[in-house]
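All figures in this text were calculated on a predicted structure; none of them were measured in a lab. Values below: every heavy atom of this structure, side chains too, minus hydrogens, waters and symmetry copies. In what follows, chains are A, B, ... by sequence order, proteins preceding strands, each numbered from 1.
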Amino acid sequence: MIINHPLLGPRDAAEFVYLGDANLINRPEGLGDNAEDAMYDHVYLRDNPAGIHRELWYHEQGDRSWLVVTRNTLTHEVTSVELARDVARSMGRSR
Amino acid sequence: MRYNALSILKQGLTGNKGWTPVWREPDPKPEYDIVIIGGGGHGLATAYYLSNKFGIRNIAVVEKGWIGSGNVGRNTTLIRSNYLLEGNQPFYELSMKLWEGLEQDFNYNAMVSQRGILNLYHSDSQRDAYARRGNAMHLTGSGGVLLDEAQIREKCPYLDYDNARFPIKGALWQPRGGSVRHDAVAWGFARGADMQGVDILQNCEATGFQIEDGTCKGVETSRGLIRAKKIAVCVAGSSGRVMSMAGMRLPIESHVLQAFVSEGLKPVLPGVITFGAGHFYVSQSDKGGLVFGGDIDGYNTYAQRGNLPVVEDVTEGGMALMPMIGRARLLRMWGGLMDMSMDGSPFIDRTHIDGLYFNGGWCYGGFKATPASGFCYAHLLANDAPHPVATKLRLDRFRRGAPIDEKGAGPQPNLH
Ligand SMILES: Cc1cc2nc3c(=O)[nH]c(=O)nc-3n(C[C@H](O)[C@H](O)[C@H](O)COP(=O)(O)OP(=O)(O)OC[C@H]3O[C@@H](n4cnc5c(N)ncnc54)[C@H](O)[C@@H]3O)c2cc1C
């Protein structure tokens, strides 16, 4: 698989480490009312879809950036690659 | 028809014209007591034990392809009961005991071959970990022997003992480990269930659940609606996909594991060998091929094929362990779907929906579990209570802070 890094261009997926569902960047509030349920959900449960999946890849043997890759789990086709930082900011976070 | 030496003789003398199909191909009935979704090893074993040991015979197994088309026909066929933790080891030991009596029990040759498994160690700390594991194995009577380098040299003179980075120092040996002819397991269980009247429905994909007021009353399939008192999901790598039709999210990700087989060679390996300094394991099939594999690819996938970086990694492991493997030609390689759980251990449990049961999370170790998984799932379905060796394999264990994490890797499925 080739991941088209937004800054570095096409890179072999073997340079990256895979973390999982991109939703992992939305860590729930640890002290909120519903914190226990929300944390359980966040840490342990997955959508695990067959088809389009947004997921986190870390460019360990490259520039050490975290990427959000949109990939089809049935065909391995990568359709978009964004910097995780940009994705978090677009959701109103500071970083 | 029972298989025995006399029937082979009789058929041989009469032109082998009297063999009958091993199972029927019935049409679905509108309703059953239990419908099992997934005709892999575990689904068929469940049907076999329900009908042969628990007296429930009004059962259907629905399989979207043909039976044995999933992982039960794609795995590298290793069996062992050399786990460490309390939630796992008694379960896998039950499985080993069932393997040992299986062929007599279901009257089918599954080629259960207990040639032993050698887990090599390369350092002092690894030796200590294996000594501890060996002691845990003795608690369940599973047997385990710590071998030193000289003892392994006797069995396998061709390993790279003096490798500068990963010298071989010894091994944990389980003499009862070995391999089993995988698709014969599917066929044997299917035949044994069919003989008790279980309907095996191939080319019948589950496409939805009929859930009314929190109770599951039936399953929609490509061959029509089938109602049942209990629906037992058993679809391994497709767990996430199937349970999402009941609105459930699972502590599971689907990954791909690849396997490889070489051209046929004369007998060279005494049994199973696992490399302790990288992920590589190898055995030799009865046809002579070296059957080997290593790590999962590591990303979510439902495509039954992997990528080249893992091929490179596995073959590097092979070369580091036994350089002579470089002279063998590769015959085939393939991939299968793994239901990787958050702690690397499986689930056999009921769900919060009445009448809907779940068996999954087998990761890449579910073949050895086949008989015990079927037996414990049948026990749960028949009695609505878990079998004593499966009490910890519950879906809510993460919420209770009770994971069964053999590797201590945490909730990261691709590390187990
Ligand atoms: C390459 C490889 C090597 C392995 N090596 C080993 C090993 O050495 N030792 C070991 O112990 N384990 C090993 N495993 C793991 C083991 O094969 C699996 O854990 C085990 O086979 C899973 O259980 P099963 O046999 O029931 O799965 P499967 O055979 O995959 O059965 C699931 C069935 O469900 C069906 N299904 C899916 N969705 C639907 C639907 N909607 N409706 C109807 N049917 C459906 C599928 O078609 C499939 O037939 C390996 C796996 C792979 C891929």
Side-chain angles (χ1 to χ4, degrees), chain A residues 1-4 10-28 30 34-62 66-81 84, chain B residues 64 235 237-245 247-256 295-313 316 335 337-343 347 360-361 394-403 405 410-416:
Chain A
M1 282 188 302
I2 301 290
I3 292 177
N4 199 0
R11 310 298 310 180
D12 189 330
E15 293 176 4
F16 294 79
V17 174
Y18 179 84
L19 186 71
D21 196 311
N23 194 36
L24 287 168
I25 61 178
N26 299 319
R27 192 174 194 273
N34 207 13
E36 212 174 313
D37 281 348
M39 206 53 102
Y40 165 70
D41 204 275
H42 175 78
V43 175
Y44 294 109
L45 300 185
R46 297 288 182 270
D47 288 339
N48 193 22
I52 300 298
H53 190 223
R54 273 163 61 85
E55 54 202 22
L56 286 165
W57 293 73
Y58 175 59
H59 200 193
E60 188 179 43
Q61 291 173 49
W66 281 97
L67 305 182
V68 173
V69 175
T70 307
R71 194 177 55 94
N72 190 322
T73 59
L74 289 166
T75 62
H76 296 168
E77 187 196 3
V78 174
T79 47
S80 99
V81 184
Chain B
K64 76 171 172 188
V235 294
S238 302
S239 294
R241 225 172 162 178
V242 169
M243 295 314 278
S244 72
M245 301 187 304
M248 278 179 73
R249 296 168 77 229
L250 299 173
I252 287 176
E253 285 176 4
S254 294
H255 287 255
V256 62
D295 257 330
I296 55 174
D297 272 42
Y299 43 79
N300 283 45
T301 175
Y302 284 89
Q304 287 190 116
R305 59 189 159 77
N307 274 297
L308 288 172
V310 166
V311 177
E312 195 177 1
D313 185 65
E316 277 172 3
L337 293 187
M338 310 284 74
D339 35 342
M340 299 299 297
S341 67
M342 287 289 160
D343 56 0
F347 308 96
R394 309 296 297 270
L395 272 167
D396 69 349
R397 65 174 178 258
F398 301 108
R399 192 186 276 278
R400 288 183 288 111
D405 191 343
Q412 184 61 39
N414 61 1
L415 296 183
H416 289 292

For A:Asn72, is it the side chain, the backbone, both or neither that has a heavy atom under 4.5 Å from a heavy atom of chain B? neither
Select, from [options], the one with the greatest count of heavy-atom pairs under 4.5 Å involving chain A.
options                                : result
B:Arg399, B:Met248, B:Gln304           : B:Arg399
B:Glu253, B:Arg241, B:Glu312           : B:Glu253
B:Ser244, B:Pro309, B:Pro413, B:Ser254 : B:Ser254
B:Asn300, B:Asn307, B:Thr301           : B:Asn300

Drop me the distance from [X]'s [atom1] to [Y]'s [atom2], to the nearest 0.5 angstrom.
X        : Y        : atom1 : atom2 : answer
B:Gln412 : A:Leu24  : CD    : CG    : 8.0 Å
A:Gln61  : A:Arg11  : CD    : CZ    : 10.5 Å
B:His255 : B:His416 : NE2   : NE2   : 10.0 Å

Part of B:Leu337 lying under 4.5 Å from any heavy atom of chain A: neither
Pick one of side chain, backbone, both or neither for B:Leu250, based on which atoms fall under 4.5 Å of a heavy atom in chain A. backbone
Partners meeting ring pair (Phe, Tyr, Trp, His ring centres under 6.0 Å) with A:Tyr18 (sequence neighbours left out): A:Trp57
For B:Phe398, which residues count as a ring pair (Phe, Tyr, Trp, His ring centres under 6.0 Å) partner, sequence neighbours excluded? A:Tyr44
Heavy atoms only, distances under 4.5 angstrom: which of A:Leu74, A:Asp12, A:Asp21 has the most pairs with chain B? Name it, please. A:Leu74
Only pairs of heavy atoms separated by less than 4.5 Å count here; which of A:Pro49, A:Ala14, A:Gly20 has the most with chain B? A:Pro49
Counting only heavy atoms not in A:Arg27, do more than 12 fall under 6.0 Å of its CZ? no
Would you mind reporting whether A:Val69 and A:Phe16 have side-chain heavy atoms less than 4.5 Å apart? no
